[in-house]
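In what follows, a single structure is set out as structure tokens and then discussed.
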Amino acid sequence: MSTLNTLQIAELAEHLENAELQAFEVTKITDDFPDMDYQDAFDIQWAIRRRKEARGTKIVGMKMGLTSWAKMSQMGVAQPCYGFLADYFSVPDGGAIVYDELIHPKIEAELAFVTKADLKGPGCHIGDVLAATDFVVPALEVIDSRYKDFKFDLKSVIADNSSSSRFITGGRARPVHELDLKTLGVVMEINGQVVQTGAGAAVLGHPAASVAMLANMLAERGEYLPAGSFVMVGAITAAVQVNKGDSFSVRYQGLGSISGRVE
Ligand code: 0L1
Ligand code: MG
């Protein structure tokens, strides 16, 4: 079911996409549309995606968000969400995040799965994901909620493409059977100081569970993850605010590291 009409979906997509592209904060959209539901929220996100595709932007991957119990409780939400990754979100390993293009960026240590077979829900599970995975590679997400002070509810955040803004991938790709994804450790440093540590199990108990959940959520809209998909599974660490002039690096057990700076 949905509560918003086609025009309202289109206007909210334009509003939130403008906030992303021009880097300005907005209030959460449920303040003005308290009755909107999850279908409306995803309709807005998919409308933003279609706006970008119509301008020639390529969608290069998907991300899961709010996949740790700690993060869900920190943000006051009860379930994970997903978003899409556009081509211009990608920053090379060792490269710079341009602060002025963003509002209040935070970084998260993540892993990405790259698939070699289609994944379709409903009923997709960890076993399906492991069988369909070509390799796992380190990823770092830059989230940048368009909502003032990162204050939102789940519907507002879904409509805002789950705060997606930039990502870096790098380090060393390895086949999934060589990794113990639950105990895989990460260490995040900012300006040479350790600020976060974590292990893969922070992501829904097992990072592959996140990819399975994405396939199942996409199935609700008749969508699926085609072979060759790049999927970031959600944060292993808490999100950490970064500022102009910061440098950061994340070390991944057995997978090398990713680094970058904010300018
Ligand atoms: O990637 C994430 O886990 C974040 C999803 C959106 C919530 C937020 O902006 O913190
Ligand atoms: Mg994330």
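Position 1 is the first residue of the sequence; numbering continues from there. Just so you know, ligand 1 is whichever comes first in the structure, and atom 1 is the first atom listed for that ligand.
- Considering just the N/O/S atoms of Glu108, the one nearest the Mg ion (ligand 2) carries the name OE1.
- Geometric assessment of Lys28 against the ring of Phe152 yields a negative cation-pi assignment under the 6.0 Å and 45° thresholds.
- With the Mg ion (ligand 2) as vertex, Glu141 OE1 and Glu110 OE2 subtend 100°, rounded to 10°.
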List, for ligand 1, each N/O atom that has a protein N/O partner under 3.5 Å away, with both atom names and the distance.
| from | atom 1 | to | atom 2 | distance (Å) |
| --- | --- | --- | --- | --- |
| ligand 1 | 1 (O) | Lys63 | NZ | 2.8 |
| ligand 1 | 1 (O) | Glu108 | OE1 | 3.2 |
| ligand 1 | 1 (O) | Glu141 | OE1 | 2.9 |
| ligand 1 | 3 (O) | Leu66 | N | 2.8 |
| ligand 1 | 9 (O) | Ser163 | OG | 2.5 |
| ligand 1 | 10 (O) | Lys71 | NZ | 3.2 |

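- Side-chain polar atoms of Thr30 and Ser156 form a donor-acceptor pair below 3.5 angstrom.
- A salt bridge between Lys63 and Glu141 is present, with a side-chain N of the basic residue lying under 4.0 Å from a carboxylate O of the acidic one.
- The two residues Ala86 and Phe167 come nearest to each other via the heavy atoms O-CE2, 4.3 Å.
- Applying the side-chain contact (heavy atoms from CB on, under 4.5 Å) test between Arg146 and each of Asp160, Val157, Asn18, Thr27 identifies Asp160 as the sole match.
- For Lys116, the NZ atom sits in a packed shell: over 12 heavy atoms of surrounding residues, nucleotides or ligands are nearer than 6.0 Å.
- Residue-environment remark: CD (Gln193) stays at or below the threshold of 12 foreign heavy atoms within 6.0 Å.
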